[in-house]
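Single-structure report; data block below.
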Amino acid sequence: MPSKEDPKMPEQRPVAMELHHEITQFLHREARLLDSDLLRDWLTTMVDREIRYQLVIRDERYRKDKSPDADREIMPFDDDYTILDLRVRQFETGMQTMLDPGQQMFRVVSNVEAFHNDSEGEFTVLSYGTVSRFRRVYENERSVYGRRDVLRRGEDGQLRLLSRRVVLGGRVVRSKNLLFFL
Amino acid sequence: MVDIKALVDVENGTQSRRIFWERDIYELELERIFARCWLFLTHESQIPNYGDFFVTKMGEDEVVVIRQKDGSIGAFLNQCRHRGMKLCMAEAGNARAFSCAYHGWAYGVDGTLKSVPCEKESYGPDFDKAQWGLHPVAKVESYKGFIFGCMDAAAPSLVDYLGDAAWYMDIWAGVPGGIEFLGPPSRSIIRSNWKSPPENFIGDSYHVGWTHAGVLKAMTGEVMPQLAFASKDAGFQVTTRYGHGHGINWGPGPILMSPNCPDLFEWTERRGVEMEAIVGEKASKLYSRHWDGTLFPNCSYLIGTYVFKAWHPIGPDKVEIMTWAFAEKDMSDDLKHRIKVAAHRVFGPAGILESDDIDNFEYIALPNQGHVTRQGKMNLQMGMGREREEADYPGVIGDFLSEHGQRGLYRSWADCMSSANWAELEAKTASWKQDLLRKKKV
């Protein structure tokens, strides 16, 4: 995980195989809903109302530079539930010329590790992903990313995404835009 | 030789598509626009301390901009003078010296060559380091904290280059305490010609209700009719001698920031009153409104949305976009943070408005692959004949829903491209205002 925070997760307790399977299936289902343009279903069934959703790009400096991360990061996404809802409504208007004809997206999720948090029913989940986007006949772009998520089990027994910090590979965005969820 | 008159017809408001694709035209742009005009480098708040540096582009020339010991600012080509290797590999930071990764020639922040490994043993006693300092950018000046560089020593001063645009800049950048850029820029590379984004930002109010219909409906619950900007009360556009231009809409400035920063409405109303004593009553009325603008050739901004952009060409068919969020220094840290997030949310790489625009910019450029397509011309005639002077506002004024600013950008493009040097360019543009007003249809 290309994040400086606690890369070895030393004090964390890894989850058992069955729970790991449940978490992996959660991530796969997310990818399927998002790839299928079922953004409202994703938001209402998989995202916690207290979500903090971030996508971070960090500038490139010499190793000896000790500037705090806050001075070095750009957040193309730093959204709560109301902003995620706004973004979903933008797609739902059907008025984005950019998305007509529709585009194909394929999210591949891998390197899933999951750990128990101190709070009961909360799990820290690390994963890598790639997303490929095909559009306008000739366009074929790919982004690579790492994620650090917290999933929380709700009173209904279902896991939901409580926080997500996506670290995007590469300093310069080369894929036209990042108008999609990772 | 490139025939400029055949490419941009200033009288009729049309442009050849070839200027968005052809390499020989692009090479002349690098020489006559990017190596001649004042170009935005960075903001003083990004390099506040001695040795702070920021690496950016002037055309396709990479430069490192460095705060000097005496507080002034130096800028140099980012390359070692020995074998020409790129010198500084970080994009920003603080340094007392810059060492080349190849053989270790080291330069001071003032650009002088400070040390050469094994100098006495390998070069002998007569090697003159003073001859091999970094190549300086000919002129570096700053206006209201915005640092610009110019590769042409014969250029007029920055304030003369800004001309009538400086009066407008004073309104939003001349606030008490000044402006602060918030964090590093987001950066992305798109497949467009470098002129399309600044053309859009200089005044294209026409696209707003169409291109951005979806996001505006999601934000406000209503579809904004394109006709909304046709009203005489919508605002006005401005063009200036060297092509800088703005569109000022009388609507409230922070409208796109409202989800996270509703307190900006109160801030701008209050600040607008304070600005009366600084810039005068007429100018202060503009402070709290929403503006789009471009300083020719390649930096743009949105006032009210707190976004500042530089558009760096990479060949005729690619552009690197740098996008900063900015705030007023006097604002609270909490508000600055929310502005930073909100500005990138609308006009960063995942921007809910930016993303609509980028697809347009790319598909203006790409069709020019076609030979026959490329022979065609494009139309910027909206509002021609309505150019006027207004006592309250410097520059030449046009309607808000028009292509007045865009025409100004291509007028300046043609002036630069058809002039061999600054003397010719200044002579050619000396009577720009009268020339422009004379074109007015009776």
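Values below: every heavy atom of this structure, side chains too, minus hydrogens, waters and symmetry copies. So you know, we letter chains A, B, ... as the sequences are listed, proteins then strands, and number each from 1.
Between B:Pro349 and A:Asn177, every side-chain heavy-atom pair lies at or beyond the 4.5 Å cut-off. Put simply, the side chain of B:His212 does not reach to within 4.5 Å of the side chain of A:Thr97, judged on heavy atoms. Counting heavy atoms from C-beta outward, A:Thr93 and B:Val223 have side chains that stay 4.5 Å or more apart.
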**OP:** Could you go through the side-chain contact (heavy atoms from CB on, under 4.5 Å) check for A:Leu86 and B:Ile352 one step at a time?
**Re:** CA-CA 10 Å; A:Leu86 169 66; B:Ile352 52 182; 4.1 Å; yes
**OP:** Dump the intermediate steps for side-chain contact (heavy atoms from CB on, under 4.5 Å) on A:Arg135 and B:Asp359, then the final yes or no.
**Re:** CA-CA 11 Å; A:Arg135 58 193 303 279; B:Asp359 208 45; 3.1 Å; yes
Original post:
Can you list the steps and then say if B:Arg187 with A:Val173 is a side-chain contact (heavy atoms from CB on, under 4.5 Å)?
Top reply: CA-CA 6 Å; B:Arg187 305 173 68 155; A:Val173 174; over 6 Å; no
Original post:
When you look at A:Gln90 and B:Asp356, which way does the side-chain contact (heavy atoms from CB on, under 4.5 Å) test go after all the steps?
Top reply: CA-CA 11 Å; A:Gln90 180 182 17; B:Asp356 296 327; 4.1 Å; yes
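Around CG of A:Asp118, the count of heavy atoms belonging to other residues, nucleotides or ligands within 6.0 Å does not exceed 12. Residue B:Tyr102 places its OH atom among 12 or fewer non-hydrogen atoms of other residues, nucleotides or ligands, all under 6.0 Å distant. Residue A:Arg40 qualifies as enclosed at atom CZ: its count of foreign heavy atoms under 6.0 Å is above 12. Around the CZ atom of A:Arg142, the shell of radius 6.0 Å holds no more than 12 heavy atoms that belong to other residues, nucleotides or ligands. The environment of B:Phe229 atom CZ is dense: over 12 non-hydrogen atoms of other residues, nucleotides or ligands sit within 6.0 angstrom. Heavy atoms of other residues, nucleotides or ligands lying less than 6.0 angstrom from NE2 of A:His28 number more than 12.
The choice from B:Ile190, B:Thr323, B:Val215 that makes the most heavy-atom pairs within less than 4.5 Å of chain A is B:Val215. When the candidates B:Met89, B:Glu91, B:Arg191 are compared by the number of heavy-atom contacts under 4.5 Å with chain A, B:Glu91 comes out ahead. Comparing B:Ser192, B:Ser355, B:Gly183 by how many heavy-atom pairs each has under 4.5 Å with chain A, the most go to B:Ser355. Ranked by heavy-atom pairs shorter than 4.5 Å toward chain A, the options B:Ala92, B:Gly351, B:Ala213 are led by B:Ala92. Top candidate by heavy-atom pairs under 4.5 Å with chain A, chosen from B:Gly93, B:Cys88, B:Ala95, B:Pro185, is B:Pro185. No other option in A:Arg174, A:Arg87, A:Gln96 has as many heavy-atom pairs under 4.5 Å with chain B as A:Arg87.
Of the atoms belonging to B:Glu354, not a single heavy atom falls under 4.5 Å from chain A. Proximity to chain B involves both the backbone and the side chain of A:Arg136, based on heavy atoms less than 4.5 angstrom apart. For A:Leu99, no part sits under 4.5 Å from any heavy atom of chain B, backbone or side chain. For A:Asp65, the part sitting under 4.5 Å from any heavy atom of chain B is the side chain, from C-beta outward, and nothing else. At a 4.5 Å heavy-atom cutoff, A:Asp80 makes no contact with chain B through either its backbone or its side chain. Heavy atoms of A:Phe77 lying under 4.5 Å from chain B belong exclusively to its side chain.
The closest donor-acceptor contact from the side chain of A:Arg89 to the backbone of B:Ala218 lies under 3.5 Å.
Between B:Ser188 and A:Val172, the shortest heavy-atom contact is CA-CG1, 3.7 Å. Taking both residues in full, the closest heavy atoms of A:Ile74 and B:Pro184 are given as CG1-O, 3.6 Å, listed atom of the first, atom of the second, then distance.
Between atom CZ of residue B:Phe361 and atom NZ of residue A:Lys176 there is a gap of 11.5 Å, rounded to the nearest 0.5 Å. Taking OG of B:Ser186 as the start and CD of A:Glu73 as the end, the distance is 13.5 Å to the nearest 0.5 Å. Rounding to the nearest 0.5 Å gives a distance of 11.0 Å between OG of A:Ser175 and CD1 of B:Ile358. Put simply, CE on A:Met98 and OG1 on B:Thr211 are 12.0 Å apart, with the number rounded to the nearest 0.5 Å.
Residues of residues 336-348 of chain B that come closer than 4.5 Å to chain A, counting heavy atoms only, are B:His337, B:Lys340, B:Val341, B:His344, B:Arg345, ordered by residue number.
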